[in-house]
Amino acid sequence: MKLVFATNNSNKIKEVQALIPDSITLLSLADINCHEDIPETAPTIEGNAIQKVTYIKEHYNLPCFADDTGLEIQSLDGAPGVYSARYAGPERSAEANMQKVLKNLAHTTDRSAQFKTVIALYLDSTTTCFTGICKGTITSEKRGSGGFGYDPIFLPTGYSETFAQMDLKIKNEIGHRGKAVQELVVFLNQLTSFVL
């Protein structure tokens, strides 16, 4: 089975590749010669994921899936949410995004948050969505050098390490993207046959 993962984010590809069965070959956007910026202008995380797979469907006519992820912070009314990647500006700087979050929470006692991932799968003319959520809190400072995005300031509930301090295997098991991918894999394993 071959599926396009509508991303060129090598960190995402690495995480997802570790979760899917060997019977599924993952193709990146570069693998299908898609080098243009795919629009992400929907007002919701789910909407962005659907928008990306729709673009691949309309321009390349290939079975594919795409994800969109947001960090939702309780005391910031769910921000940065759908704007997580560009929270501090269009440069999409992870460091600037984290610093803005820490600044906005500097005088807040409620630091509860959740990561939410929605995966949209386009297969056999049908789009299906899968959601993964990981609850936790925002730390007061960065901890760890692994992961990407907001990982150094996100402490999952029940753990003493941030995502950036965790082994990738553990992060995949408990994390938002891992949970959504696990749902995707269960769905794909139920299919009897598939040809790209």
Side-chain angles (χ1 to χ4, degrees), residues 5-20 40-49 52 65-120 129-185:
F5 184 9
T7 185
N8 278 319
N9 183 321
S10 59
N11 290 303
K12 283 186 181 182
I13 292 171
K14 182 180 176 184
E15 278 192 10
V16 173
Q17 190 70 65
L19 289 166
I20 63 174
E40 295 180 57
T41 56
T44 64
I45 291 169
E46 181 179 73
N48 274 342
K52 286 187 264 189
F65 68 95
D67 80 320
D68 196 44
T69 296
L71 174 65
E72 301 174 332
I73 301 172
Q74 178 73 27
S75 62
L76 300 181
D77 297 321
V82 73
Y83 304 107
S84 291
R86 52 194 185 278
Y87 188 47
E91 303 82 15
R92 296 174 172 253
S93 164
E95 180 63 29
N97 288 338
M98 283 188 285
Q99 292 305 325
K100 183 173 180 180
V101 164
L102 293 176
K103 181 181 177 184
N104 288 344
L105 293 179
H107 305 292
T108 306
T109 53
D110 180 6
R111 303 178 76 87
S112 58
Q114 68 177 24
F115 265 122
K116 178 180 180 181
T117 291
V118 176
I119 291 176
C129 290
F130 310 91
T131 302
I133 290 175
C134 182
K135 295 185 180 296
T137 56
I138 302 299
T139 57
S140 57
E141 60 185 11
K142 294 194 307 177
R143 290 166 38 189
S145 57
F148 60 99
Y150 295 93
D151 285 359
I153 62 171
F154 185 80
L155 185 69
T157 301
Y159 291 82
S160 59
E161 295 179 316
T162 66
F163 272 166
Q165 295 173 301
M166 276 185 181
D167 180 82
L168 180 60
K169 185 175 185 295
I170 297 172
K171 181 188 173 187
N172 276 340
E173 287 172 359
I174 68 165
H176 47 292
R177 186 171 294 107
K179 289 177 180 178
V181 172
Q182 287 161 24
E183 286 191 18
L184 170 69
V185 169

Check side chain to side chain donor-acceptor pair (under 3.5 Å) between [X] and all other residues, then give those that pass, not counting sequence neighbours.
X: Thr109; value: none
X: Ser112; value: Asp110
X: Lys135; value: Gln114
X: Glu173; value: Lys169

Working to the nearest 0.5 angstrom, can you tell me the gap between [X] [atom1] and [Y] [atom2]?
X: Gln165; Y: Ile170; atom1: CD; atom2: CD1; result: 11.5 Å
X: Thr131; Y: Leu184; atom1: OG1; atom2: CG; result: 12.0 Å
X: Ile153; Y: Thr137; atom1: CD1; atom2: OG1; result: 10.5 Å

*asked:* Just so I know, are the side chains of Phe163 and His176 near enough to count as touching, which here means a heavy-atom distance under 4.5 Å?
replied: yes

*asked:* Is the shortest side-chain heavy-atom distance between Ile138 and Phe154 below 4.5 Å?
replied: yes

*asked:* As a quick check of understanding, evaluate side-chain contact (heavy atoms from CB on, under 4.5 Å) for Phe130 and Phe65, giving each step before the final call.
replied: CA-CA 10 Å; Phe130 310 91; Phe65 68 95; over 6 Å; no

If you look at every heavy atom in [X] and [Y], which pair is closest and at what distance?
X: Leu71; Y: Ser84; answer: N-OG, 2.9 Å
X: Arg143; Y: Thr139; answer: NH1-CG2, 3.8 Å
X: Val181; Y: Val16; answer: CG2-CG2, 3.9 Å
X: Leu105; Y: Ser75; answer: CD2-OG, 3.2 Å
X: Gln182; Y: Asn172; answer: NE2-O, 3.4 Å
X: Pro152; Y: Gly144; answer: CB-O, 4.1 Å

*Backbone of Ala180 reached by a side-chain donor or acceptor of Thr117 within 3.5 Å*: no

*asked:* Has Gln17 got a side-chain atom pairing as donor or acceptor with Lys14's backbone, closer than 3.5 angstrom?
replied: no

In chain order, what residues pass the side chain to side chain contact (heavy atoms under 4.5 Å, CB included) check against [X], with sequence neighbours excluded?
X: Glu40; answer: Asn48, Lys52, Asp68, Arg92
X: Asn8; answer: Ser28, Leu29, Ala30
X: Lys12; answer: Phe5, Thr7, Asn9, Asp67, Phe148, Arg177
X: Ser140; answer: Arg111

Using the test salt bridge (Lys or Arg N to Asp or Glu O under 4.0 Å), find all partners of [X] that sit at least two apart in sequence or belong to another chain.
X: Lys100; answer: none
X: Lys116; answer: none
X: Glu95; answer: Lys142

*asked:* Would you say CG of Asp77 has more than 12 non-hydrogen atoms from neighbouring residues, nucleotides or ligands within 6.0 angstrom?
replied: no

*What pairs meet the ring pair (Phe, Tyr, Trp, His ring centres under 6.0 Å) rule with one or both residues in residues 80-109, with sequence neighbours excluded?*
none

_Member of Thr108, Asn104, Val101 meeting the side-chain contact (heavy atoms from CB on, under 4.5 Å) criterion with Ile73_ = Val101

*Let me see the working for Thr69 and Tyr150 under side-chain contact (heavy atoms from CB on, under 4.5 Å), right down to the final yes or no.*
CA-CA 11 Å; Thr69 296; Tyr150 295 93; over 6 Å; no

